[in-house]
Amino acid sequence: MTQVFAPRRLDWTAVTREVSPSLGRCELTHLERAPIAVGLARAQHAGYEALLESLGCRLIRLPADPDLPDSVFVEDTAVVLDEVAVIARPGAASRRPETAAVAGALAPFRPLLRLEDPATLDGGDVLVLGRTLYVGLSSRTSAAAADQLGRLLSPYGYAVVPVSVAGCLHLKSAVTRAGEDLLLLNPAWVDPSAFPGRRTLEVDPAEPFAANVLAIGGQVVSPDSFPRTRRRLEAAGVRVRPVDMTELQKAEGAVTCCSLVFRARGA
Ligand code: GLY
């Protein structure tokens, strides 16, 4: 019998950027430097991109830049909402030139706003839940950035809520959305009471880095190095799509960092 497959719906656009040959010289804040196999990192990144495509993302792949070691982590360069995109001003000076290529990729899809000096903000510190943006106050993201973001976005009906984080790089190292009404978090790095009224699930304590998952269309992408937390997610009814990320994890990267996913429209 002939099987008929429904055409894959491309509900989402995902901006990604190829792994830089200089990834081994990336910024590190909470990890010791370990050798990174760039060829393997590229293969793992390609697997991640293929998974995004299988979840209904149309990819916009930006080329690698040998002078920008961290540029694969595109999430930190912008915050993309339905109405507008805000170009970030990353906290690490080495990462600020990353924003130009990403702004160029986003311009056909959204009007662009920009954070300005002295604010510093990494997109990894911004958790969007409906009309609320939780902004992690981290070594990369300043209170001035939370203020600026609030002023830029209040005309669009968004509220900004600053959140303390400790012990990890970004707010989204500590907490991410694992479903329409479920947050996955590590209570050692962020206080669950910062998200009143939200259902929360804690990572397995043996897997502190597992709180970073990427929710797309009712499924979540999660590194396959966190099987215990995967079991917790599945017990909560979440469908997990594992991906091998070991080399990008050595660069203090995670699954949300490697893409900017937004609802397809425009262009
Ligand atoms: N290596 C990721 C970052 O520090 O921004």
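Counting convention: from 1, in listed order, for ligands and their atoms alike. These numbers were taken from a predicted model, which means no experiment stands behind them. Start at 1 with the first residue, then count along the sequence.
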Please determine, by modelled atom types, if [X] and [Y] share a side-chain donor-acceptor pair under 3.5 angstrom.
| X | Y | value |
| --- | --- | --- |
| T77 | E98 | no |
| S20 | R25 | no |
| S259 | E75 | no |

Fill in: Closest candidate by heavy atom, reference atom 4 (O) of ligand 1, pool R95, R140, K250
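Going through R95, R140, K250 one by one, R140 has the nearest heavy atom to atom 4 (O) of ligand 1.
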
Worksheet entry | Test item, D70 contacting ligand 1 (heavy atom, 4.0 angstrom) |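 D70 counts as a contact of ligand 1 under the 4.0 Å cut-off.
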
Practice prompt. Say whether G253 and ligand 1 are in contact under the criterion: heavy-atom distance to a ligand atom below 4.0 Å.
Written response: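 No; G253 lies far enough from ligand 1 that no heavy-atom distance drops under 4.0 Å.
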
Worksheet item: Is the gap between the ring centers of F262 and F109 under 6.0 Å?
Response: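 F262 vs F109: aromatic centres under 6.0 Å.
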
Worksheet entry | Numbered atoms and elements of ligand 1 in range of E27, under 4.0 angstrom, heavy atoms |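 Close to E27: 1 (N), 2 (C), 3 (C), 4 (O).
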
Worksheet item: Which atoms of ligand 1 sit under 4.0 Å from any heavy atom of A251?
Response: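 Answer for ligand 1: 1 (N), 2 (C).
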
Worksheet entry | Side-chain hydrophobic cluster, 4.5 Å single linkage: members besides L183 |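 Besides L183, the hydrophobic cluster comprises L127, L129, Y134, V161, V163, V165, L171, V175, L185, V190, F195, listed by chain and residue number.
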
